[in-house]
Amino acid sequence: MGVFTMGVFPSLVGSGTLDFSFKLAEAALAKGHTVNMWLSGNAVMMAKKGQRAFKDYSHLEKKMMELVGKGMAITVCEACAEARGYHKEDTPEGMKRASMDWYLAKTFKSDRVLHIGGE
Amino acid sequence: MGVFTMGVFPSLVGSGTLDFSFKLAEAALAKGHTVNMWLSGNAVMMAKKGQRAFKDYSHLEKKMMELVGKGMAITVCEACAEARGYHKEDTPEGMKRASMDWYLAKTFKSDRVLHIGGE
Amino acid sequence: MGALKLCFVVQRPPYKSENPRLALTHSISSQTAEIHLEDGETVVPTLIFVGDGVLNATKNQQAMKLYGVTSTESHIKNGLLIDMPIWVCKEDMERLGLKEDQMIADAEDMGADLKTKFVSFAEIQKEIEACPHLLFF
Amino acid sequence: MGALKLCFVVQRPPYKSENPRLALTHSISSQTAEIHLEDGETVVPTLIFVGDGVLNATKNQQAMKLYGVTSTESHIKNGLLIDMPIWVCKEDMERLGLKEDQMIADAEDMGADLKTKFVSFAEIQKEIEACPHLLFF
Amino acid sequence: MKLAVFLSDLRRTEDTYDRLKADKLGVILVENGVYHAVLKEGGKDSPILSKAGANFYVLSDDLETRGFTAAQVNSKVKVVSYGDIVDLIMNDYEKTAWL
Amino acid sequence: MKLAVFLSDLRRTEDTYDRLKADKLGVILVENGVYHAVLKEGGKDSPILSKAGANFYVLSDDLETRGFTAAQVNSKVKVVSYGDIVDLIMNDYEKTAWL
């Protein structure tokens, strides 16, 4: 069993990339791996409480809490969140905020890293 | 003098498209045109109060309020905002929320429309 | 007084971003634009899929089953249900190797009378010329 | 115990999205990663501009003057200032018609000793092979 | 029709630009579209500039933001300001297409 | 090196894929990258699939989301699940590149 760290950057409401990341994390946890997830750039939208669920958009808050319950460490980029007006009190329980060095330090301790960049 | 309506869709913190839209709106107002702006999809980020200004990101709240003061009508897509957890109380003063038919009705009354779509 | 024709033109594949979905929801909202307009004024949309955008109109999309999110297919069917013209560029289907039986042809299962129109780019060019305002997605 | 080499590879032009900016801020934050690590452990980044990404490294960018936002240029200079290796692919500069005198060569004005390295793709390939983890932007 | 097309990217993911026809066509290069006005990839002009009969414009703010100046702009392309773009939209063309 | 490359788009805006070399190369098609496994543009396989010596994989969930099935997948490409991708990342390859 290994340590797998994902960095998720370009995701948004209505984009498939966050969905992909959470499903991949779920599959990795199911196989017994340790999973870390870093949400940065636009992917910090997961840090906002009170997103209303519409059938038109994937709504991942529930899935995220499930994965946290299974031991996934999930942290969002603090500055990226602040710039978008997501403050500490908006952050769902179980999710951490940190600066970017958290992610780099996690890559140090990981067997594999999947960094999802792009636009 | 004419009526100019812009629909702005793909913009985000850190993207140049919102900056472009606001500068173009400013130039159109300066020439005496009537300007309407519809913010939809990811561009609804402008509807969030309390965005922290960093030098690394363009920060448009002040510019937006200036343009509203000069008579620009600016409205954000209500459903797009709700899906992202931006509620009524987050909306800066002078900015309206409406459903998409607002935008279509504005195009009816416009001499020119610039619809900024894409990804 | 009068109708305003609007072209909604989708040029990119589905699911990467909200883009094609917003074309669908915005064009469908033409139904209620009248509440902001005067008596007799209407907005008349044509929804056009062109280039890689034709990939939005494949059938049997499993987005709801696999990701819990409404498929572009069901949005297109909703469009047909409210009698919105939906056009798909034939040359692009051919270029990408898509056959008509892979595409959403109608929404009969939802009770819609209108069918998808498979058209040439020349027809799309004419429609674009006939619309005072263009909305490219 | 030991150093972890990380390659940050920027493949796209600046300003469209946050993407290249995040490559810069993340690579620069390697400076403080040690607070989460054990004694003697460090993260050693190389920041590489390749393909259209080389457009991030043009000089005289006026983003602050015109849009009030930090330029990619000033980020790159901050990288040089903290002695982070910054590599720009020569073949891509040539392909796009960019000359070395159009590019950010150093950050002497800020007191940095390190200079930009203009390298071949073959050198970049070697660096990518030497890094246990790759971060493409 | 009199159509003003906006291009905001260096690498395009649509081919509408190649197919659309207009009696009068203006091509306005903004954001990363400005690279088409200044780069000579493989020693050649951008294929964007080969559209027959079109008038080409590039936004000066977006050029300078990216480290280029009017002096480097292809002779086929006119350098314009935000105010000029407003005039192009409101006076010179009837409709717009942001591709 | 043993490298797993992820492609998530139909139209690419980078050319890193064409240039990167690896002793063992896996190409994993996800999101809109799955179209490379099923479309025959102009009657031809996607140029993505011509990378010599590579192993190709396509994510079944993302195929089906877009209305395609395993039966339509190019014979060069193996259909995989999320679990299979985890195994590819953790066991078969040493590092990943999301282009």
Side-chain angles (χ1 to χ4, degrees), chain A residues 1-43 55-58 60 63 66-67 70-72 103-104 106-119, chain F residues 1-18 20 22 24-38 48 57-68 78-99:
Chain A
M1 294 307 102
V3 178
F4 178 43
T5 296
M6 298 171 72
V8 185
F9 285 66
S11 300
L12 288 158
V13 175
S15 137
T17 304
L18 260 188
D19 292 89
F20 173 85
S21 311
F22 278 79
K23 277 210 164 194
L24 189 63
E26 188 176 28
L29 287 165
K31 285 181 179 272
H33 299 296
T34 300
V35 181
N36 303 306
M37 191 182 276
W38 170 249
L39 298 174
S40 187
N42 296 315
K55 274 196 304 177
D56 261 10
Y57 299 103
S58 55
L60 292 163
K63 169 80 81 187
E66 240 178 74
L67 300 183
K70 289 179 185 168
M72 181 167 80
Y103 176 44
L104 298 195
K106 283 291 175 195
T107 68
F108 193 101
K109 306 282 186 185
S110 295
D111 298 298
R112 297 291 184 275
V113 172
L114 178 60
H115 174 88
I116 304 182
E119 276 166 351
Chain F
M1 67 180 163
K2 296 179 186 174
L3 179 69
V5 165
F6 286 79
L7 297 179
S8 65
D9 273 317
L10 171 54
R11 304 297 163 197
R12 286 156 51 227
T13 59
E14 47 60 47
D15 63 356
T16 315
Y17 177 73
D18 309 315
L20 257 188
K24 180 175 172 181
L25 182 68
V27 179
I28 305 178
L29 304 169
V30 300
E31 301 194 46
N32 283 341
V34 303
Y35 290 123
H36 295 292
V38 287
I48 288 293
Y57 306 94
V58 63
L59 177 58
S60 116
D61 286 41
D62 289 354
L63 264 183
E64 292 179 15
T65 289
R66 287 157 184 77
F68 292 88
K78 193 176 164 192
V79 179
V80 294
S81 67
Y82 274 104
D84 297 330
I85 294 181
V86 170
D87 291 340
L88 290 170
I89 294 172
M90 301 305 290
N91 306 334
D92 295 19
Y93 296 92
E94 293 162 351
K95 40 191 157 178
T96 70
W98 180 286
L99 304 180

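Numbers restart at 1 for each chain; the letters A, B, ... are given by sequence-line order, proteins then strands. On a predicted model such as this, the values are computed, not experimentally measured, just so you know.
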Counting only heavy atoms closer than 4.5 Å, note whether Asp61(F) contacts chain A via side chain, backbone, both or neither.
side chain

Under a 4.5 Å heavy-atom cut-off, does chain F meet the side chain of Lys23(A), its backbone, both or neither?
both

CG of Asp19(A) to CD of Glu31(F), rounded to nearest 0.5 Å, is 8.5 Å

Could you state the interatomic distance from NZ (Lys31(A)) to CG (Asp87(F)), rounded to the nearest 0.5 Å?
3.5 Å

In sequence, state the C-alpha distance, the side-chain angles, and the governing distance for Val113(A) and Thr96(F), and then conclude on side-chain contact (heavy atoms from CB on, under 4.5 Å).
CA-CA 7 Å; Val113(A) 172; Thr96(F) 70; 5.5 Å; no

Gly83(F) to Ala27(A) - nearest heavy-atom pair and separation
N-CB, 3.9 Å

is_close_aromatic(Phe20(A), Trp98(F)), centroid dist under 6.0 Å
yes

Counting heavy-atom pairs closer than 4.5 Å to chain A, which one of Val30(F), Asp9(F), Thr13(F), Ile85(F) comes out on top?
Val30(F)

Chain A heavy atoms under 4.5 Å from Phe6(F): which part of the residue, side chain, backbone, both or neither?
side chain

What's the separation between atom NE2 in His33(A) and atom CD1 in Ile89(F), rounded to the nearest 0.5 Å?
9.0 Å

How about Lys78(F): does its NZ atom have over 12 heavy atoms from other parts shown lying under 6.0 Å from it?
no

Are Phe4(A) and Met90(F) side-chain neighbours, meaning at least one heavy-atom pair lies under 4.5 Å?
yes

Do other residues, nucleotides or ligands put more than 12 heavy atoms under 6.0 Å from Lys2(F) NZ?
no

Chain A heavy atoms under 4.5 Å from Leu59(F): which part of the residue, side chain, backbone, both or neither?
side chain

Does any backbone or side-chain atom of Asn32(F) lie under 4.5 Å from a heavy atom of chain A? Answer side chain, backbone, both or neither.
neither

Whatever's closer than 4.5 Å to a heavy atom in chain F on Val35(A) counts as neither

